[in-house]
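Notes for the one structure printed next.
Values below: all heavy atoms of this structure, side chains included; hydrogens, waters and symmetry mates excluded.
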Amino acid sequence: MTPASPLAAPVLTIDGPSGSGKGTISRLVADALGWHLLDSGALYRAVGYAAGMAGLDLSDTEAVTRCAQITKIAFRDPKDGGETRVVVNGHDATDELRTETAGAAASAIAAIPGVRAALFERQRGFRKAPGLVADGRDMGTVIFPDAPHKVFLTASAAERARRRHKQLKEKGLNVTLASLLHEIEARDARDAARVVAPLKPAPDAVLIDTTGIPVGAVVARVLDLLRPA
Ligand SMILES: Nc1ncnc2c1ncn2[C@@H]1O[C@H](COP(=O)(O)OP(=O)(O)OP(=O)(O)O)[C@@H](O)[C@H]1O
Ligand SMILES: Nc1ccn([C@H]2C[C@H](O)[C@@H](COP(=O)(O)O)O2)c(=O)n1
């Protein structure tokens with residue numbers, strides 16, 4: 001592990017595949033610690049969305065890279081205590097960004113090296129006192145390799161598809177479990193196979209398989225890792 005500068009704010013990285021619970025666990029752990037939160041997937045989703053709105057071909061690496069460089073992305077606290085709002089080029093795109101289509105577009109543009117380079121410093125800028133919980137695919141390997149605490153969450157693809165199915169049903173969306181399983185497996189394969197910053201655990205990450213483990217127990221396990229021995 002690269003040693004962290006003694007002056008740098010502490011970072012807990014939480015990486016893992018889609019539906020492993022990164023977003024849920026990161027939010028609860030950040031709240032418990034009073035730390036900042038980086039939802040790096042939202043940045044990739046926002047670039048995919050902006051590229052779509054501009055009518056770009058997502059395989060046009062130059063155009064999409066330029067789009068990543070100029071897209072304005074802001075996170076706003078909700079007025080009613082609900083979900084953090086993501087504002088893309090002045091438009092609140094929170095609801096559009098949570099769809100499976102937005103996830104697939106994000107996964108496609110995330111394989112473009114220029115896009116990742118454009119988002120690199122933006123992500124590092126979230127590291128502020130008293131600390132940061134960073135959720136993504138390459139938080140522990142590429143963006144914060146010197147983070148003192150690293151977690152890699154997993155769960156079986158079947159369980160992740162069931163979780164996503166329940167989540168979408170609660171939102172009134174009608175998607176089959178089989179199609180979600182297929183999408184999750186395709187996204188995992190693309191995220192893990194790309195040349196730049198592939199989805200994989202950092203060598204010094206603690207692996208937690210959340211299959212069948214309730215959210216509260218996963219949060220407790222992560223918070224335990226941060227307690228001094
Ligand atoms: N340990 C758990 N047990 C049961 N359900 C869970 C668990 N963790 C998360 N969930 C539920 O699974 C769904 C997906 O979780 P979440 O959005 O946190 O995953 P994610 O890894 O951030 O996914 P993505 O990468 O696609 O954004 C949510 O509805 C969440 O409440
Ligand atoms: N650090 C990250 C975060 C996200 N991505 C890409 C790959 C994911 O499939 C997609 C959406 O992420 P999610 O919101 O589901 O966490 O964005 C990435 O490559 N690196």
Would you say [X] and [Y] make side-chain contact, with heavy atoms under 4.5 Å?
X: Leu225; Y: Val151; answer: yes
X: Leu12; Y: Leu132; answer: no
X: Gln167; Y: Leu173; answer: no
X: Leu37; Y: Ser26; answer: yes
X: Thr154; Y: Ile208; answer: no

Okay, side chain of [X], backbone of [Y]: is any donor-acceptor separation there less than 3.5 Å?
X: Thr176; Y: Ser179; result: yes
X: Thr94; Y: Val86; result: yes
X: Ser40; Y: Asp135; result: yes
X: His165; Y: Val175; result: yes
X: Asp138; Y: Thr141; result: no
X: Asp191; Y: Leu199; result: no
X: Thr71; Y: Cys67; result: yes
X: Arg76; Y: Val87; result: no

Between [X] and [Y], which heavy-atom pair has the shortest distance, and what is it?
X: Leu153; Y: Gly21; result: CD1-C, 3.8 Å
X: Ile112; Y: Leu58; result: CD1-O, 3.8 Å
X: Ser156; Y: Thr211; result: N-OG1, 3.0 Å

Looking at [atom1] of [X] and [atom2] of [Y], how far apart are the two atoms once the value is rounded to the nearest 0.5 Å?
X: Leu38; Y: Ile14; atom1: CG; atom2: CD1; result: 11.5 Å
X: Leu56; Y: Arg66; atom1: CG; atom2: CZ; result: 11.5 Å
X: Arg137; Y: Arg194; atom1: CZ; atom2: CZ; result: 7.5 Å
X: Phe144; Y: Lys150; atom1: CZ; atom2: NZ; result: 11.0 Å
X: Asp204; Y: Thr13; atom1: CG; atom2: OG1; result: 8.0 Å
X: Lys22; Y: Phe152; atom1: NZ; atom2: CZ; result: 8.5 Å

Task: Whether Tyr49 and His91 hold their rings parallel, tilted or perpendicular, with breakpoints at 30° and 60° - done: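 It falls in the parallel class, under 30°.
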Open item on the list: Just by distance, no angles: are the side chains of Thr99 and Arg45 close enough, under 3.5 Å, to form a donor-acceptor pair?
Closed with: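 Note: Thr99 and Arg45 side chains miss the donor-acceptor criterion.
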Open item on the list: Any donor-acceptor pair under 3.5 Å linking the side-chain atoms of Thr84 with those of Arg27?
Closed with: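 Judged by distance alone, the side chains do pair up.
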- [ ] Please step through salt bridge (charged side-chain N to carboxylate O under 4.0 Å, His left out) for the pair Arg163 and Glu159, ending with a clear verdict.
- [x] CA-CA 6 Å; Arg163 288 177 185 173; Glu159 164 110 0; 3.0 Å; yes
Open item on the list: Is there a path of hydrophobic side-chain contacts, each under 4.5 Å between heavy atoms of I/L/V/M/F/W/Y residues, joining Met139 to Val11?
Closed with: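 Same hydrophobic cluster.
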Below 4.0 angstrom, N of the basic side chain to O of the carboxylate: do [X] and [Y] qualify?
X: Asp188; Y: Arg160; value: yes
X: Arg227; Y: Asp224; value: yes
X: Arg187; Y: Glu183; value: no

